[in-house]
Peer 1: 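I have a structure I would like to understand better, so I am pasting it below and will then ask my questions one at a time.
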Amino acid sequence: MTVRVRLAPSPTGNLHIGTARTAVFNWLFARHHQGQFILRIEDTDEARSKPEYTQNILDGLSWLGLNWDEGPIFQSKRIDQYHQAIQKLLDQDLAYRCYTTPEELDALRESQKARKEAPRYDNRHRNLSQEQEAAFIAEGRQPVIRVKIDDDGQINWTDLVRGPMAWKGSDLGGDMVIARAKASGEIGQPLYNLAVVVDDLDMQISHVIRGEDHIANTAKQILLYEALGDTIPTFAHTPLILNPEGRKLSKRDGVTSISDFQEMGFTAEALANYMTLLGWSPTDATQELFLLDNAAEQFSFERVNKAGAKFDWDKLDWINSQYLHPMPATELVERLIPYWQAAGFSFDPVAERPWLEQLTALIGPSLTRLKDCVDMSQFLFDDAVEFSEDAITHLQQDGVAAALASLKQVLSSLETFSAEAAQTSIKQVVKEQGVKKGLVMKSLRASLTGSLKGPDLMESWLLLHQRGVDLKRIEQAIAQA
RNA sequence: AGUGGUGUACGCAAAUGGUUCAAGCGGCUUGGUUUUCACCCAAGUGAUUGCGGGUUCAAUCCCCGUCGCCACUCCCA
C-alpha cells in the first residue's frame, strides 16, 4: 500500500508551531515510506479564513523544507462533493434536518451543566413528523443537518501512537452537525468533520497524522467513513506542544507562528530539528542534531512519545546556535544582511561585502539567533558612539584621558594602519604613560565601542578603521573623559 | 460533570522485566579560555521513575487502585 498522508491546516491564522510540528511528522512519515505528502487547505469557515493566512502557511512550510507532493487543495472549491455526500447521507436516512435553534441548544447545555451532566445534543429532532417539520419551517427556522450517532454503537481503532482505542457512541455528544443552517431543502455550508472524511476518502489518504486534540473527532469521523466509503485510514495522534504552564500552546502564548520564529532569527533547520525532537527521538537518542532527511530515514511512530512536551526556548536557542556556529562566513553573511537592513543600518551589501564577511567571521561564532547580529554589531555601523554608563565611568578615571591622548598622537603619526601597527601603538602608549596594558585596552574599547564588553577588540578596531571612524571615536572619547 | 489520554530530575528525554552509575542534551553552578562580553572547553549539580498495593527470584517497564495534569465534549478546525 502506498502511503498517502496530508496536512490539513485551516487558514484562520498564521502557520502555528503545532501545525508545523504535525506537518513535520507527516512529512517524515511520507518520506520514510516513499509516499506522498498532500497539502489541503481547510477553508470551509468562510468568515474566519483569509488568503493571507494561506500564503503564510505555504511560505512557512516551504521555508521549513516541508515540500508537498500534491496541492494545495482548497476545500472551498470542493463544496459540490460535500453536498453530494450530505445528500447521500440524507437519502440513506443516516442524516436528517434539525431545527433546534442555537438559543435552544444553549439552554439545553445550560440545564445539563446545572445538573452536572455532560453537555450533549438530545437528538430531539431525529424523528420529526412531516407536520412538525412544516411547522418549524413556517416559523422561519433554518435547519442544520445532523448525522445520526447510535448511542449503543462502539467505535474502535488502533492508533499508531496510542495503541487500541475504544469509544462509545453515547460519549460523542449526540447526533453531529455536518452542515450549517440553511433553508430547508437546501444544504448549508459543510462542516469540518464531514469535509475531512470526504476529502480523505477522495484523496485516498492512508494515514491520518494529527494532534491528539483530534481524538474525539476521529471517533465521529470513523462513523462517516463507514457511511461514505469502504476504507478507513490508519490514525496516529501525536502529543501536543505545551506552554510553560503545561497547556496546549496557543496564540495567546506569544510567539507561536513560524514566521515569527523566522523573523527572530531561527534557522529553518534548527527549528525543524527542535520540533522533531519534541515528541520523537532518534534510535540513537544521544544524537540530537539532525536534518529532516536524516530523521526521515529512521522515522517511526514507535519512537513518538505519548505525553505532551513543553516548549523550551533555551533548548531551541542552543540548537539554533549549533547550526549557526559552524556556518562559513560567506554563507552566514547572506543570512545576516537582511537583519542589518531591517535594523536600518546603512551599508552597501555589494561594495562592502568583504567588510561584512569580516564582520560575520567576527560575530558568527557568538550568535544564538541571527537577529543577535543587530545588537552585536550596531556600534560598527553607527557613525558616532553612544557611551554606556559603564564606559563613561571608566573614561573618567584617572589617567584615561592622558592615555587616549597619547594613543591619538601615536596613531596620527602612523603611515599605514594594520593589526601589527595597532598592537605596537598600544605598547608604545603603555610605555610612555607608564600604565597597565589593561587600562589602555579597556579605554580603547570604551572609546571605540562605547561599551565595556563586546567582540574581540582588535578585530573590531580593524573593522572600524576600514570605515574610517576609529580616530573620530577616540577624539569623542577624549571629550567625554 | 462525562469521556479519552498522560505522569522518569527545572525542561526535552533514553532504557521497557535482569548487571556496576536509571543514558544523553538543555538549564543552573563553578573553573578554564578571552586582559571584556559572548562563543567554546571542562567539571559539578540534580530522579526513592506521581503515590499505594499486587504479580515475579527480579518491576521505570506487567496488573489493580489512587492522585495530579492535559485534551475533548461548538452551526470552529
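In this text the structure is predicted, and so the values were computed from the model without any measurement. Just the heavy atoms: all of them, side chains too, but no hydrogens, waters or symmetry mates, feed the values below. Order of the sequence lines sets the chain letters (A, B, ...), proteins ahead of strands, with each chain counted from 1.
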Peer 1: From the options A:L223, A:V198, A:I178, A:N217, select the one residue that forms a side chain to side chain contact (heavy atoms under 4.5 Å, CB included) with A:N193.
Peer 2: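 Passing option: A:N217.
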
Peer 1: Using whole Å, report how far CG of A:L457 lies from C1' of B:U34.
Peer 2: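 These atoms are roughly 12 Å apart.
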
Peer 1: Take atom CH2 of A:W313 and atom P of B:G27, then tell me their distance rounded to the nearest Å.
Peer 2: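 A:W313 atom CH2 is separated from B:G27 atom P by 15 Å.
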
Peer 1: I'd like to know if the side chain of A:N320 reaches the main chain of A:G265, judged simply by a donor and an acceptor atom lying under 3.5 Å from each other, with no hydrogens or angles considered.
Peer 2: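 Between the backbone of A:G265 and the side chain of A:N320 there is a qualifying donor-acceptor contact (under 3.5 Å).
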
Peer 1: Find the partner of B:C72: check Watson-Crick (N1-N3 plus N6-O4 or O6-N4) and G-U wobble (N1-O2, O6-N3) distances, both under 3.5 Å, and reply none if neither fits.
Peer 2: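 By the stated definition (distances under 3.5 Å), B:G2 pairs with B:C72.
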
Peer 1: Which sits closer to the 5' end of RNA chain B, A:Y274 or A:P365, going by the nucleotide each is nearest to?
Peer 2: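 Of the two residues, A:Y274 wins.
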
Peer 1: Taking atom C1' of B:A15 as reference, at what distance in whole Å does atom CD of A:E302 sit?
Peer 2: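 Atom-to-atom, A:E302 to B:A15, this comes out as 15 Å.
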
Peer 1: Show your working on side-chain contact (heavy atoms from CB on, under 4.5 Å) between A:I187 and A:Y82 and close with a plain yes or no.
Peer 2: CA-CA 10 Å; A:I187 292 172; A:Y82 308 136; over 6 Å; no

Peer 1: Scan A:P455 against the nucleic acid and name what it touches under 4.0 Å (heavy atoms): base, sugar-phosphate only, or nothing.
Peer 2: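 Base, at least one base heavy atom under 4.0 Å.
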
Peer 1: Ignoring hydrogens and geometry, is there a side-chain-to-backbone donor-acceptor pair from A:H207 to A:T234 under 3.5 Å?
Peer 2: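 Judged by distance alone, no pair lies under 3.5 Å.
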
Peer 1: Just the atom pairs and distances: protein N or O near nucleotides 21-25 of chain B's N or O, under 3.5 Å.
Peer 2:
unit_1 : atom_1 : unit_2 : atom_2 : d
B:G24  : N2     : A:E288 : OE2    : 3.0
B:C25  : O4'    : A:E288 : OE1    : 3.2
B:C25  : O2'    : A:E288 : OE1    : 2.8
B:C25  : O2     : A:K315 : NZ     : 2.7

Peer 1: Rounded to whole angstrom, note down the P distance from B:G24 over to B:C64.
Peer 2: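 Rounded to whole Å, the distance is 34 Å.
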
Peer 1: How close or far is atom P of B:G2 from atom CD of A:Q112, stated in whole angstroms?
Peer 2: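 In whole Å, B:G2 P lies 14 Å from A:Q112 CD.
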
Peer 1: Atom CG of A:D456 to atom P of B:U36: distance rounded to whole Å?
Peer 2: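 Rounded to whole Å, this separation is 10 Å.
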
Peer 1: How close or far is atom C1' of B:G27 from atom CG of A:D317, stated in whole angstroms?
Peer 2: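 Taking atom C1' of B:G27 as the reference, CG of A:D317 is at 12 Å.
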
Peer 1: Step by step, work out the salt bridge (Lys or Arg N to Asp or Glu O under 4.0 Å) result for A:E117 and A:R115.
Peer 2: CA-CA 5 Å; A:E117 287 171 15; A:R115 275 175 281 142; 3.2 Å; yes

Peer 1: Is any side-chain N of the basic residue among A:E52 and A:K50 closer than 4.0 Å to the acidic one's carboxylate O?
Peer 2: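 Salt bridge between A:E52 and A:K50, a charged N being under 4.0 Å from a carboxylate O: no.
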
Peer 1: Can you tell me how the ring of A:Y99 sits relative to the ring of A:H125, calling it parallel under 30°, perpendicular over 60° and tilted otherwise?
Peer 2: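 Rings of A:Y99 and A:H125: tilted, 30 to 60°.
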
Peer 1: For A:I319 and B:G11, give me the distance from atom CD1 to atom P, rounded to whole Å.
Peer 2: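 These atoms are roughly 17 Å apart.
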
Peer 1: Could you measure between the two P atoms, the one in B:G53 and the one in B:A58, and give it in whole Å?
Peer 2: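 Per the computed distance, 15 Å lies between those P atoms.
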
Peer 1: Mind checking who B:U45 pairs with, Watson-Crick or G-U wobble, both distances under 3.5 Å?
Peer 2: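 Because both required distances fall under 3.5 Å, B:U45 counts as paired with B:G27.
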
Peer 1: Name the pairing partner of B:U56, where a pair is Watson-Crick or G-U wobble with both distances under 3.5 Å, or state none.
Peer 2: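 B:U56 is unpaired by these criteria.
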
Peer 1: In this structure, is the centre-to-centre distance between the rings of A:F381 and A:F379 below 6.0 Å?
Peer 2: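 Distance test on ring centres: not under 6.0 Å, no.
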
Peer 1: Centres of the A:H214 and A:Y192 rings: under 6.0 Å?
Peer 2: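 That pair passes the under 6.0 Å test.
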
Peer 1: When rounded to the nearest Å, what value does the distance between C1' atoms of B:C63 and B:A71 take?
Peer 2: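 That atom pair is separated by 26 Å.
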
Peer 1: Could you check if a side-chain atom of A:S443 sits within less than 4.5 angstrom of a side-chain atom of A:V440, using non-hydrogen atoms only?
Peer 2: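 Sidechains of A:V440 and A:S443: no contact.
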
Peer 1: Indicate for each nucleotide in nucleotides 43-49 of chain B, in 5' to 3' sequence, whether protein heavy atoms under 4.0 Å reach the base (B), only the sugar-phosphate (S), or nothing (-).
Peer 2: -------

Peer 1: Is B:G17 paired to anything, Watson-Crick or G-U wobble with both distances less than 3.5 Å, and if yes, which nucleotide?
Peer 2: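 B:G17 is paired with nothing.
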
Peer 1: What is the nucleic acid contact for A:G279, judged by heavy atoms within less than 4.0 Å: base, sugar-phosphate only, or nothing?
Peer 2: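 Touches sugar-phosphate only.
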
Peer 1: What nucleic acid atoms does A:R162 come within less than 4.0 Å of, heavy atoms only: base, sugar-phosphate, or nothing?
Peer 2: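 It contacts sugar-phosphate atoms only.
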
Peer 1: Atom CG of A:L277 to atom P of B:C12: distance rounded to whole Å?
Peer 2: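 After rounding, the gap between these two atoms is 12 Å.
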
Peer 1: Ion pair present between A:D202 and A:R40, side-chain N to carboxylate O less than 4.0 angstrom?
Peer 2: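 Salt bridge flag = no for A:R40 with A:D202.
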
Peer 1: Which part of the nucleic acid does A:S451 contact within heavy-atom distance under 4.0 Å: base, sugar-phosphate only, or nothing?
Peer 2: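 If one applies the 4.0 Å heavy-atom cut-off, A:S451 turns out to touch nothing in the nucleic acid.
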
Peer 1: With rounding to the closest Å, how many angstrom separate the P atoms on B:C10 and B:G50?
Peer 2: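 After rounding to an integer number of Å, I get 13 Å for this pair.
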
Peer 1: Between B:C40, B:G27, B:A77, spot the one nearest the side chain of A:D314, thanks.
Peer 2: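 Of the candidates, B:G27 comes closest.
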
Peer 1: How do A:G438 and A:W280 order along RNA chain B: which one's closest nucleotide is nearer the 5' end?
Peer 2: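 It is A:W280, whose closest nucleotide lies nearer the 5' terminus.
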
Peer 1: With rounding to whole Å, what would you report as the distance between B:U60 and B:A14 at their C1' atoms?
Peer 2: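 B:U60 and B:A14 have their C1' atoms separated by 11 Å.
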
Peer 1: Report yes or no: does A:T101 contribute a side-chain atom to a donor-acceptor pair with the main-chain N or O of A:E104 at less than 3.5 Å?
Peer 2: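 Yes, A:T101 side chain to A:E104 backbone: donor-acceptor pair under 3.5 Å.
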
Peer 1: Of the candidate nucleotides B:A38, B:A14, B:G26, which contains the atom at the shortest distance from the side chain of A:M376?
Peer 2: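 Of all the options, the side chain of A:M376 is nearest to B:A38.
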
Peer 1: When you check the phosphate oxygens OP1 and OP2 of B:C37, does a side-chain N or O of A:S366 lie under 4.0 Å from one of them?
Peer 2: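 A:S366 to B:C37 OP1/OP2: no side-chain N or O under 4.0 Å.
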
Peer 1: With a 4.0 Å cut-off, would you call A:R369 and A:D372 a salt bridge?
Peer 2: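 Salt bridge absent between A:R369 and A:D372.
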
Peer 1: Considering only atom C1', compute the distance from B:G46 to B:U29 and round it to an integer number of Å.
Peer 2: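 Each nucleotide's C1' atom is 11 Å from the other's.
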
Peer 1: Pick one: which of A:R126, A:K220, A:K148 meets salt bridge (charged side-chain N to carboxylate O under 4.0 Å, His left out) with A:D175?
Peer 2: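 When salt bridge (charged side-chain N to carboxylate O under 4.0 Å, His left out) is applied between A:D175 and each of A:R126, A:K220, A:K148, only A:R126 qualifies.
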
Peer 1: So, applying side chain to side chain donor-acceptor pair (under 3.5 Å) with A:R210, which one of A:T238, A:T218, A:T22 is it?
Peer 2: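 Testing each of A:T238, A:T218, A:T22 against A:R210, the sole residue satisfying side chain to side chain donor-acceptor pair (under 3.5 Å) is A:T218.
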
Peer 1: What's the closest nucleotide to the side chain of A:T44 if the choices are B:A13, B:G7, B:A77?
Peer 2: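 That would be B:A77.
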
Peer 1: Students often get this wrong, so: under 4.0 angstrom with heavy atoms, is A:K453 touching a base, only sugar-phosphate, or nothing?
Peer 2: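 Base, at least one base heavy atom under 4.0 Å.
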
Peer 1: Does A:N193 reach a base, just sugar-phosphate, or nothing at all? Heavy atoms under 4.0 Å.
Peer 2: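 Here A:N193 touches no strand at all.
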
Peer 1: Which whole number of Å gives the distance between the C1' atom of B:A42 and that of B:U8?
Peer 2: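 Roughly 28 Å separates the two C1' atoms.
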
Peer 1: Assign A:E104 to base, sugar-phosphate, or nothing according to its heavy-atom contacts below 4.0 angstrom with the strands shown.
Peer 2: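 If one applies the 4.0 Å heavy-atom cut-off, A:E104 turns out to touch nothing in the nucleic acid.
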
Peer 1: Give the B/S/- string for nucleotides 65-75 of chain B, one per nucleotide from 5' to 3', where a protein heavy atom under 4.0 Å of the base yields B, of only the sugar-phosphate yields S, and otherwise -.
Peer 2: -----SSSBSB

Peer 1: So what does A:R40 touch, heavy atoms closer than 4.0 Å: a base, only the sugar-phosphate, or nothing?
Peer 2: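 It contacts nothing in the nucleic acid.
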
Peer 1: B:A13 and B:U6: how far apart are their P atoms, nearest whole angstrom?
Peer 2: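 Result for the P pair: 14 Å, nearest Å.
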
